[in-house]
Amino acid sequence: MRDLYNRQLRQLNGELIHMGEMIEKAISSAVSALVERDDQKAREIIAFDDEIDQQERLIESMCMKLLLAQQPVAGDLRMVSSALKVITDMERIGDHAADISEIELMLDQLPPMTNESLRRMATETSVMLMRSIESFAERDQGKALWVIEHDDVVDGLFVTVKRELIEAIRERPENGECAADLLMAAKYFERIGDHATNIAEWAIYAITGEHARGTDEGDPS
């Protein structure tokens, strides 16, 4: 019986990692579509969000079966209950990738800026995301703490992107609407970083039984 239970827990970890890979792909493709003005790729990411939602439902079902059939206690109970919180954050990350792709479809043109800061935001949030999932699946508190601390890097990049967009508007006022859309895209990347931080904080709770500072159980974003 215990062997079956352990296999189910390992399968749950595997599905969480797979969902993490799915949303990392969505983030990477969303920023690529945005800066390369690839409408087809943007539409693919929007459609891909349905697959992410299906993966969330699969993991949710696995968690409920573990809770009802196996009645885990102590550390295992924390792990399964935290996984239910984690997939909510991951699903929202998938939503934000789709939101960024929808912005791409609305843009007429990109303002004259390098987009390097926006690309860096995408890269940093992707790294945060994967390390947060790894911290949960591997019970690695060190990785979780790294993610929490690294959120300041993404916040700093958001400030940089905002400053660059303001400068683009100053140089060419006709870029105003486009710059506003790009600022919203950058805000979505910042929120993705926040959700990765939430996942890391849930990882710490699953490991220690203590809530890390700032864990938000009701973030509607």
Side-chain angles (χ1 to χ4, degrees), residues 16-36 41-42 44-53 55-56 59 82-83 85-107 115-137 143-162 164-165 180-204 212 214-221:
L16 283 166
I17 292 171
H18 178 54
M19 187 173 181
E21 292 169 345
M22 293 174 72
I23 53 181
E24 192 277 334
K25 172 186 174 183
I27 295 168
S28 176
S29 297
V31 74
S32 177
L34 182 66
V35 299
E36 296 172 9
K41 185 176 290 186
E44 290 172 359
I45 294 306
I46 293 169
F48 187 56
D49 190 45
D50 288 340
E51 295 182 37
I52 294 173
D53 292 344
Q55 182 69 6
E56 180 197 20
I59 295 173
S82 296
K85 299 288 188 178
V86 165
I87 59 173
T88 298
D89 279 295
M90 289 201 289
E91 187 274 335
R92 288 173 180 167
I93 290 171
D95 287 345
H96 292 329
D99 292 334
I100 292 166
S101 296
E102 288 175 356
I103 288 173
E104 189 282 328
L105 293 174
M106 294 188 300
L107 288 174
N115 295 310
E116 181 60 30
S117 298
L118 198 61
R119 284 183 180 273
R120 280 195 62 201
M121 280 193 78
T123 298
E124 297 293 346
T125 52
S126 293
V127 173
M128 285 179 66
L129 170 64
M130 293 312 297
R131 288 202 183 179
S132 68
I133 299 300
E134 289 169 1
S135 73
F136 190 87
K143 285 185 179 180
L145 292 171
W146 182 91
V147 171
I148 293 169
E149 293 172 358
H150 207 68
D151 191 43
D152 290 340
V153 174
V154 173
D155 291 343
L157 285 168
F158 175 73
V159 173
T160 299
V161 171
K162 182 166 65 174
E164 290 176 352
L165 289 170
D181 288 336
L182 281 181
L183 182 61
M184 180 57 70
K187 188 63 180 177
Y188 283 132
F189 280 118
E190 184 188 40
R191 289 178 179 174
I192 289 169
D194 291 340
H195 286 302
T197 300
N198 282 351
I199 293 169
E201 290 172 344
W202 283 115
I204 291 175
T215 302
D216 189 346
E217 299 183 39
D219 177 16
S221 63

Salt bridge (Lys or Arg N to Asp or Glu O under 4.0 Å) partners for E134, two or more places apart: K143

Heavy-atom check, side chain of L129 versus side chain of I199, under 4.5 Å: yes

Heavy-atom side-chain proximity of M90 to I133 below 4.5 angstrom: yes

Non-hydrogen side-chain atoms of D194 and D151 separated by less than 4.5 Å: yes

Non-hydrogen atoms of A144 and I204 that approach each other most closely: CB-CG1, 3.7 Å

Those residues that, when tested against E124, pass side-chain hydrogen bond (donor to acceptor under 3.5 Å, both in side chains) (two or more places apart): H150

Pair listing, side chain to side chain donor-acceptor pair (under 3.5 Å) test, anchored in residues 21-34, at least two apart: S32-E36, S32-K41

Salt bridge (charged side-chain N to carboxylate O under 4.0 Å, His left out) partners of residues 94-105, not counting sequence neighbours, each pair once: R37-E104

All side-chain hydrogen bond (donor to acceptor under 3.5 Å, both in side chains) counterparts of E91, not counting sequence neighbours: none

Option among I93, I23, T88, T125 that satisfies the side-chain contact (heavy atoms from CB on, under 4.5 Å) test with H195: I93

Heavy-atom side-chain proximity of F189 to L118 below 4.5 angstrom: yes

Any F158 side-chain heavy atom under 4.5 Å of L183 side chain: yes

Non-neighbouring partners of Y188 that pass ring-ring contact (aromatic ring centres under 6.0 Å, His included), sequence neighbours left out: H96

Within-4.5 Å side-chain heavy-atom neighbours: L182 and L107: yes

